[in-house]
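The structure appears below as C-alpha cells.
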Amino acid sequence: VGTSAAFCALIDDRSHRVGFAIAWTGEPGRSKISEIVVSTGSTGADGSIDCFTAQASLLDDDRVRASIAEATNLVMNDGRNVMRGLLALGVDVASLGFDTAIAAYLVEAESGSYGAHEIARRWLRLRVEVPSAAPEGELNFDADDSGSALYEALVSAAVAVLAEPVLRAALDEVKLLELYLATELPLVRVLAKMEHAGIGIDRQRLVELERDLRTKSKARADLLHRLAGREFNVNSPKQITRILFEERGLTSGKKTKTK
C-alpha cells in the first residue's frame, strides 16, 4: 500500500474485518514501527492469503492516524502491544474489533499458548509455511525470512482475520461471547493505556515502608534467636528443621490422604 488514500480505503471499508499487525524494529510495543500490515483474509490466485504492507511513515499522515483510531473493524492477535505502540505516536484505537489471542485464551485457558502460529494450527487447521508453493491446507506468505518481524506481522494479520469468525463461534458455544465483548475485549485498550502511561509512585513512602519492614523483620528474627537459644538463618529450612525436630524434640505431623 503505497499511498495514504489506498491505506485508508482498506481500513475505512466497514463491510469487512481487517487483520492488523505491526512489524517492530525490536521489542513489540516498545520499539519503533518499521512496517504496518493489513489483511482482509482474501485468497490470491495461488492460494495464498493476501496481505498489504505499508511503511511506518504513513503514520505521519493525519488521515491514516484518524482511520486507524476510528476503525471498529480491526482484528488483531495480542492487540495490547500494537495499541501500546500506536499510543506512543498519539494514535488511540478506541474500539478494537476483535483480539484472537484473548478469545483463544477464554475458550481454552489451559493451552497456555495463543500466538498466531498456534491459533492457525488449533483453530484454522493450517500450518504456516514460507515456501512460495505451499501444500494444500497451509498458509503461504511470500517472505524472505520466516524469522523476520515483517514475516511475523504478516502471519499475525492474516491469522487474526481468518480466525475471528471461528473463535467468535467458539466463544458463543461456551457462552462466553457476551463476557468477551463486554469485559475482556475492552480491557485490551485499558491495559495498553496503563502500560503506555505507567504509574506514579511515592518514592519517599516506599523508602519508609522498606525501613519499617526491615525493622520488623529484624525484631522477629531476634525473637526466634532468643527462643532457639542461639543465632541461625531464619530463611534456611534446613536449619529450622534441625532446631525444631532435633534440638527442640518436636514431632512432625502425619500426612493423611484426602478424598
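Basis for what follows: all heavy atoms, side chains included, without hydrogens, waters or symmetry-related copies.
No single ILVMFWY cluster, assembled from side-chain heavy atoms under 4.5 Å apart, contains both L191 and Y180. Cluster membership check: F245 shares its hydrophobic cluster with L224, using side-chain heavy-atom separations under 4.5 Å among Ile, Leu, Val, Met, Phe, Trp and Tyr. Grouping the Ile, Leu, Val, Met, Phe, Trp and Tyr side chains by contacts below 4.5 angstrom, directly or via other members, places V174 with L106. When hydrophobic clusters are built by joining Ile, Leu, Val, Met, Phe, Trp and Tyr residues whose side-chain heavy atoms come closer than 4.5 Å, directly or via intermediates, V188 is grouped together with L181. In terms of hydrophobic clustering, with Ile, Leu, Val, Met, Phe, Trp and Tyr side chains grouped at heavy-atom distances under 4.5 Å, V190 and I199 are assigned to different clusters.
Contact annotation: the side chain of V64 approaches that of L59 to within less than 4.5 Å [non-hydrogen atoms, C-beta and beyond]. Contact annotation: the side chain of E152 approaches that of H117 to within less than 4.5 Å [non-hydrogen atoms, C-beta and beyond]. Side-chain contact check for L86 versus I22: some heavy-atom pair is nearer than 4.5 Å. Side-chain contact between T100 and M76 is absent, with no heavy atoms from C-beta onward closer than 4.5 Å. Residues V166 and L124 are in side-chain contact: their nearest non-hydrogen atoms beyond the backbone lie under 4.5 Å apart. Side-chain contact between L176 and V107 is absent, with no heavy-atom pair separated by less than 4.5 Å. At least one side-chain heavy atom of L167 sits less than 4.5 Å from a side-chain heavy atom of F98. For the pair V82 and L74, the minimum side-chain heavy-atom distance is 4.5 Å or more.
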- Task: Begin from the C-alpha positions of S67 and D12 and carry the test side chain to side chain donor-acceptor pair (under 3.5 Å) through to its verdict.
- Result: CA-CA 6 Å; S67 288; D12 294 343; 3.1 Å; yes
- side chain to side chain contact (heavy atoms under 4.5 Å, CB included) between L150 and V37: does it pass, once the steps are laid out? CA-CA 8 Å; L150 176 58; V37 177; 3.9 Å; yes
- Verdict with reasoning, R122 to E108, per side chain to side chain contact (heavy atoms under 4.5 Å, CB included): CA-CA 10 Å; R122 170 65 182 88; E108 288 187 347; 2.5 Å; yes
- Query: Could you walk me through whether V161 and F20 pass the side chain to side chain contact (heavy atoms under 4.5 Å, CB included) check?
  - Reply: CA-CA 8 Å; V161 72; F20 189 96; over 6 Å; no
- Message: Please evaluate residues K218 and D222 with respect to the criterion salt bridge (Lys or Arg N to Asp or Glu O under 4.0 Å), reporting the C-alpha separation (whole Å), side-chain torsions for both, the decisive distance (0.1 Å), and the verdict.
- Response: CA-CA 6 Å; K218 184 178 185 308; D222 291 341; 3.1 Å; yes
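Taking the six-membered ring where the residue is Trp, F232 and H225 present perpendicular rings, their angle passing 60° and hence far from 30°.
Residues in residues 87-97 take part in these salt bridge (Lys or Arg N to Asp or Glu O under 4.0 Å) pairs, two or more places apart or across chains: D92-R189, D92-K193. For residues 237-248, the salt bridge (Lys or Arg N to Asp or Glu O under 4.0 Å) pairs, not counting sequence neighbours, are R230-E247. Legend: salt bridge (Lys or Arg N to Asp or Glu O under 4.0 Å) pairs involving residues 153-166, not counting sequence neighbours, sorted by first then second residue: R17-E164, E164-R168.
Across every non-hydrogen atom of S39 and A158, the tightest pair is OG-CA, 3.9 Å. Between V155 and A116, the closest heavy-atom pair is CG1-CB, 3.8 Å. The minimum heavy-atom distance linking Q239 with N233 is given by the pair OE1-N, 2.9 Å. Annotation for L10 and H16: closest pair O-CE1, 3.6 Å, computed over non-hydrogen atoms. In plain terms, the two heavy atoms of W123 and A170 that are nearest each other are CZ3-CB, 3.8 Å. The heavy-atom pair separating A163 from I119 by the smallest distance is CB-CG2, 3.8 Å.
With rounding to the nearest 0.5 Å, the separation of CD1 in I49 from CG in L162 is 5.0 Å. The CZ atom of R80 sits 12.5 Å away from atom CG of L87, with the distance rounded to the nearest 0.5 Å. Rounded to the nearest 0.5 Å, atoms OG1 (T25) and CD1 (I33) are 9.0 Å apart. We find the CD-OG1 distance between E178 and T183 to be 8.5 Å, quoted to the nearest 0.5 Å. Distance CG/L58 to SG/C8: 8.5 Å, rounded to 0.5 Å. To the nearest 0.5 angstrom, L187 atom CG is 9.5 Å from M194 atom CE.
Residue R220 qualifies as open at atom CZ: its count of foreign heavy atoms under 6.0 Å is 12 or below.
No donor-acceptor distance shorter than 3.5 angstrom exists from the side chain of N77 to the backbone of A160, with no hydrogens or angles considered. Between the N73 side chain and the V18 main chain, no donor and acceptor come within less than 3.5 Å of each other. Side chain of T241 to backbone of P237: a donor-acceptor contact under 3.5 angstrom is found. With T72 contributing its side chain and S95 its backbone, the two residues share no donor-acceptor pair below 3.5 Å.
Residues satisfying the side chain to side chain contact (heavy atoms under 4.5 Å, CB included) test with A9, not counting sequence neighbours, are none. R214 is linked by a salt bridge (Lys or Arg N to Asp or Glu O under 4.0 Å) to E210, counting only residues two or more places apart in sequence or in another chain. The salt bridge (Lys or Arg N to Asp or Glu O under 4.0 Å) check on K216 picks up D212, with sequence neighbours excluded.
Between F52 and F7, a ring centre-to-centre spacing not shorter than 6.0 Å is recorded.
Ionic pairing of R205 and E208 is present here: one or more N-O contacts between side-chain nitrogen and carboxylate oxygen are shorter than 4.0 angstrom.
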